[in-house]
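Below is one structure, written out as structure tokens, with a few remarks after it.
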Amino acid sequence: MAGVITITSVLLALIVPWLLGALLLKKLLSSSNCCNWAIAVGHGFFAGIFFVTILLRLFDSLHMPISFISISIAITLCGAAILFYFSRGPAITPTVASRARPARLALIVLSLLIALVAVRYSTLLMELTTRPMYAWDAWMNWAPKAVVWFRLGEMASYVPPPEWLQTTDDVVYTLGNYQASTYPDTVPLLYWWMMLATGSSESSLVLLPWLLAPLALGFALYGHLRSDGVDPLMAGIAFYALVNMPYVNVHTALAGYADIWMAAAFSLSLFALSARESSGELRWTLLCVFWCIFAVTIKRPGVFFAVFVLFGLARSILRPPRWLERVVAGLVITFFVLAFTVGVAFDIPQVGQFKLDSDGIKIPTFGYQAFVVTNITERLLTTLLGMLNWNLLFYLTPLILIAFLGWGLRETYQQKNVALVLALASVFLALIYTFTGYSAQLMNLVTFNRSLLYLIPGFLYLLFGRVFRQWSGNQNLPGQNRP
């Protein structure tokens, strides 16, 4: 009986936030020409998860009792209130393009891909539920906070070990990894929510969101490609390419890392940026900002990726003339060249000191990184082409470059800011792993692959939405509300 209750509560913990997020997104985007069921389902899963973590923070800050029942009631009431608010206005039916039935061969291929995904994720489910938490980063950095919060019933504070050694507060905790105590709390809050649902901090069912996250992100990718006019077969292949990618599956089989959530937040913000450029609608602007906020609350590097997306969003809204962009780019380059040669340092109120010279860079809250030049060419090629992490994706790099340098720079290309944001993120990772101590993380093939994961859905979106669509001769305009 207890097992049935646990499984029921786990299913409710997964389905109710997902359903709320999907219904809310569908209602919010109901009159948009860039919305379909897959977009609502994909975005809705992550929106529901983020909403749960917000409720947990709110309950803790108000010193309200935190339990699975109390949070579930709050989710239901808030969801009902939000949906009631959006349902008060008159129903608006978007213009829907004619729906051509896929060819029989396309249906056969899509059915085969769905069957393969079902088999793959069934085996991942068995592996996930029959093995205790195994991933090092999970039990070292992300889960311990949730275990303590689950047993205390509140969000106890965490501080770095040196500060913990000097404190006299009995309810202050620390982690063995010196930096982990200052990591954002969204992923530990997700753990906590699932622990509340299972009634245990040791059940492997706590990790089920890591099984659903790649599928939800795949739905979002499929939905946005269909909205952009990509035919069902090509969009379905893109979905399969993402959810069946080995390194994506690793983050389910070795569940517990924060990287799949970071990849989702960054990718969804890119998709929202693309929809904003296609439709010009405020709702997509707000959704893009929402996902940037989500990224910042997941991992500390989310700050940089959010800045890249917000830059692309600002460029999309303001549409600055080319001469102004050149002037600003020249000023930025001049600043960094001078700072690198003569050195610059200044204090940012309430944040900390920024310092840059030829020896290294110090960024507030991120610490100091000395400049160390490392030849990463061999390891990089091994990672991208010699290992099995990414299937054949990076063998298609020439096509991705065509998308960047060809369509990405055309004035008529609506998703040019998506290409620009991906380019900025790629250059950022290249600089980090070439000129700082993080190069060691590339040489040992650890952190670099996880960082690269953030870009993969965006690369697939660019590849299938631009290159393959041009090859297939599908010149349908974006934003036509396809299923």
Side-chain angles (χ1 to χ4, degrees), residues 1-24 44-85 133 138-139 141-159 164 167-175 180-210 212 255-256 258 261 290 293-294 296-298:
M1 184 64 179
V4 173
I5 294 175
T6 298
I7 293 178
T8 302
S9 61
V10 168
L11 290 176
L12 289 175
L14 296 171
I15 294 174
V16 172
W18 194 349
L19 181 61
L20 169 63
L23 291 176
L24 177 59
F45 174 78
F46 297 100
I49 291 294
F50 193 31
F51 184 64
V52 168
T53 65
I54 292 173
L55 280 179
L56 287 168
R57 294 176 195 266
L58 180 62
F59 269 55
D60 182 74
S61 64
L62 297 177
H63 303 289
M64 298 173 63
I66 296 177
S67 67
F68 178 70
I69 298 298
S70 63
I71 299 298
S72 297
I73 292 174
I75 293 173
T76 304
L77 293 178
C78 290
I82 294 171
L83 291 174
F84 175 75
Y85 173 80
M133 184 182 298
W139 55 257
N141 296 333
W142 300 108
K145 283 185 178 181
V147 173
V148 171
W149 297 344
F150 172 72
R151 294 178 181 176
L152 292 179
E154 62 179 2
M155 292 178 66
S157 299
Y158 275 78
V159 297
W164 179 81
T167 187
T168 58
D169 194 336
D170 292 336
V171 290
V172 173
Y173 294 81
T174 193
L175 294 172
S181 296
T182 62
Y183 288 173
D185 290 333
T186 291
V187 172
L189 286 169
L190 173 56
Y191 274 108
W192 191 13
W193 168 241
M194 295 305 298
M195 289 176 186
L196 292 172
T198 61
S200 169
S201 60
E202 300 173 358
S203 173
S204 56
L205 296 177
V206 167
L207 300 173
L208 282 178
W210 277 259
L212 299 178
W261 305 99
F290 174 82
I293 296 172
F294 189 28
V296 171
T297 68
I298 296 173

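Not measured: the values here are computed from a predicted model. Index from 1, following the sequence.
- Heavy atoms only, all atoms of each residue included: Y158 and W149 are closest at CE1-NE1, 3.9 Å.
- W142 has its ring centre less than 6.0 Å from the ring centre of Y183.
- In this structure the side chain of S72 never reaches within 4.5 angstrom of the side chain of V16, judged on heavy atoms.
- Checked against the 6.0 Å centroid criterion, the rings of W18 and F45 qualify as a close aromatic pair.
- Judged by distance alone, the side chain of S9 and the main-chain N or O of T198 form no donor-acceptor pair under 3.5 Å.
- Here R57 contributes atom CZ and M155 contributes atom CE; the two are 5.5 Å apart, rounded to the nearest 0.5 Å.
- When all heavy atoms of A258 and I298 are compared, the pair lying nearest together is O-CG2, 3.8 Å.
- For S70 (side chain) and P65 (main-chain N/O), a donor-acceptor pair under 3.5 Å exists by modelled atom type.
- For the pair F51/C78, a side-chain contact is recorded, criterion being any heavy-atom separation below 4.5 Å from C-beta on.
- Among all heavy-atom pairs drawn from F150 and M195, the shortest one is CE1-O, 3.4 Å.
- At least one side-chain heavy atom of L189 sits under 4.5 Å from a side-chain heavy atom of W192.
- Between W210 and L190, the closest side-chain pair of non-hydrogen atoms falls below 4.5 Å.
- Atom CD1 in I66 sits 11.0 Å away from atom CG in L152 (nearest 0.5 Å).
- Note that OG1 of T297 and CZ of F50 are 4.0 Å apart. Values are rounded to the nearest 0.5 Å.
- In terms of heavy-atom proximity, M194 sits nearest to L205 at CE-O, 3.7 Å.
- The shortest heavy-atom contact between A138 and G256 is CB-CA, 3.6 Å.
- Taking the centre of each ring, W261 and F294 stay at or above the 6.0 Å mark.
- The CG atom of L20 lies 11.0 Å from the CD1 atom of I49; values are rounded to the nearest 0.5 Å.
- In this structure, W193 contributes its side chain and T53 its backbone to no donor-acceptor pair below 3.5 Å.
- Residues V159 and Y173 form no side-chain contact, since every pair of their non-hydrogen atoms from C-beta on lies 4.5 Å or further apart.
- For the pair I75/V52, a side-chain contact is recorded, criterion being any heavy-atom separation below 4.5 Å from C-beta on.
- A 4.5 Å side-chain heavy-atom check between I71 and M64 finds every atom pair outside the cut-off.
- Contact record, L196 with F68: O-CB, 3.5 Å, taken as the closest heavy-atom pair.
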